[in-house]
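Since the structure comes first, as structure tokens, the remarks are kept for the end.
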There are 2 protein chains.
Amino acid sequence: MKIENPTGTALYSIEKAIKEYRKLAQKNIAKVVKDITVDQCLVLIILEQNQNISQNELANLVFKDNASITRMIELMVKNDYLTRTIHSEDRRKFNLVVTEKGLKTIKLIEPVVQHNREKALHGLSLNEIALLDQTLHKIIQNCKK
Amino acid sequence: MKIENPTGTALYSIEKAIKEYRKLAQKNIAKVVKDITVDQCLVLIILEQNQNISQNELANLVFKDNASITRMIELMVKNDYLTRTIHSEDRRKFNLVVTEKGLKTIKLIEPVVQHNREKALHGLSLNEIALLDQTLHKIIQNCKK
DNA sequence: CTATTTATATTGATATATCAATTATATTTG
DNA sequence: CAAATATAATTGATATATCAATATAAATAG
């Protein structure tokens, strides 16, 4: 049984697409803010929109591991993007709050993020994007079973 | 300008899909071979099918950085999956050769890789997969410009 | 109410990602 | 041919990914 060239399959196109997008995103974000990564931007935006979520929930929203989130938050606190204080009702949890610097940063990167998405999806019809999303969700479900 | 929730866009579905697939792949591969990663498996398969390629070319085929490839190869040589010798005609290059252990490993993981792909794409029509691939390639091109 | 189980987060170990700087060798240009 | 340029790979620094083990606190069963 000869395996086909892995780089020829749709699954590798998925990998390639996300890598190219991340490269684009990082490049453009770096133009306006120097000390932040794409992942940290995403965390910032999510946290601003979802106050009072736990690290756990945050991890799920950004498709990351708990361990990764712990370390990202450490860094972001160190770089003054977030503050972290103990949750008063459940002492296992923490309150994650976006700082002033974090809020300013969000304002700076918002148009960049929009632009990146538009660039990546340029020339695709709404229908095409919807289909893409639909197919990807089927794959996600298949993998989870 | 309020940014939409990033997790709602097709681009994040791409990220989620590839992460779920990698998780599935790693889990199933670990069942038959313990000391190898998904990425290393891919490198093995590519190297068996493309003899005499440089690290550079290999990096492009697996969508990785040169630096990543250097470190992966170091590890794979250390774990006896590959041998690396200096290229006689261009002394900047190396000959990468899959070892006996590497070949045996490929035989072991081939059916697993097939099964993983089938599982991930289960229930999708050929047309649907082709469309997916096509749309992803548009995105890839958009990001590269 | 105590013992067990569950939930939240951290830590250690190892692998990979990415950028920038560097080394070594090849190729091209003047 | 010598100097400049280009190519292949490495290295250092830092960020993220993943698994397994652990610590702490909360919830629940008996």
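Numbered from 1 within each chain, the chains take letters A, B, ... in sequence-line order.
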Please state how far atom [atom1] in [X] lies from atom [atom2] in [N], giving the value in whole angstrom units.
X: Asn95(B); N: dA9(D); atom1: CG; atom2: P; result: 10 Å
X: Gln55(B); N: dA24(C); atom1: CD; atom2: P; result: 16 Å
X: Lys34(B); N: dA13(C); atom1: NZ; atom2: C1'; result: 18 Å
X: Lys93(B); N: dA26(C); atom1: NZ; atom2: P; result: 11 Å
X: Asp90(B); N: dT27(C); atom1: CG; atom2: P; result: 6 Å
X: Ile86(B); N: dA8(D); atom1: CD1; atom2: P; result: 16 Å
X: Ile73(B); N: dT10(D); atom1: CD1; atom2: P; result: 7 Å
X: His87(B); N: dA9(D); atom1: NE2; atom2: C1'; result: 14 Å

Practice problem: Check every atom of dA26(D), dT10(C), dT8(C) against the side chain of Arg91(A) and return the nucleotide holding the closest atom. | Solution: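 Comparing dA26(D), dT10(C), dT8(C) against the side chain of Arg91(A), the answer is dA26(D).
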
Practice problem: Let me have a per-nucleotide readout for nucleotides 14-24 of chain D, 5' to 3', with B, S or -, counting only protein heavy atoms under 4.0 Å. | Solution: -SSBBB----B

Counting distance only, does the side-chain N/O of [X] pair as donor-acceptor with the main-chain N or O of [Y] below 3.5 Å?
X: Asp65(B); Y: Ala67(B); answer: yes
X: Thr135(A); Y: Leu131(A); answer: yes
X: Glu57(A); Y: Ser54(A); answer: yes
X: Thr99(B); Y: Tyr81(B); answer: yes
X: Glu20(B); Y: Cys143(A); answer: no
X: Lys138(B); Y: Gly123(A); answer: no

Quiz item: Under 4.0 Å between a side-chain N/O of Ser54(B) and OP1 or OP2 of dA9(D), yes or no?
Solution: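 Result: yes.
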
Quiz item: Just to confirm, is there a sub-4.0 Å distance from OP1 or OP2 of dT10(C) to any side-chain nitrogen or oxygen of Arg84(A)?
Solution: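 So the side chain of Arg84(A) is within the cut-off, an N or O lying under 4.0 Å from OP1 or OP2 of dT10(C).
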
Practice problem: Check every strand shown and say whether Glu89(A) touches a base, only sugar-phosphate, or nothing at a heavy-atom separation below 4.0 Å. | Solution: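 If one applies the 4.0 Å heavy-atom cut-off, Glu89(A) turns out to touch the sugar-phosphate alone, with no base involved.
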
Exercise. Using a heavy-atom cut-off of under 4.0 Å over every strand shown, decide if Glu74(A) touches base, sugar-phosphate, or nothing.
Key: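 Sugar-phosphate only.
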
Quiz item: Tell me, which pairs form a salt bridge (Lys or Arg N to Asp or Glu O under 4.0 Å) where one or both residues lie in residues 85-97 of chain B, sequence neighbours left out?
Solution: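 Of all non-adjacent pairs touching residues 85-97 of chain B, those that pass salt bridge (Lys or Arg N to Asp or Glu O under 4.0 Å) are Asp90(B)-Arg92(B).
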
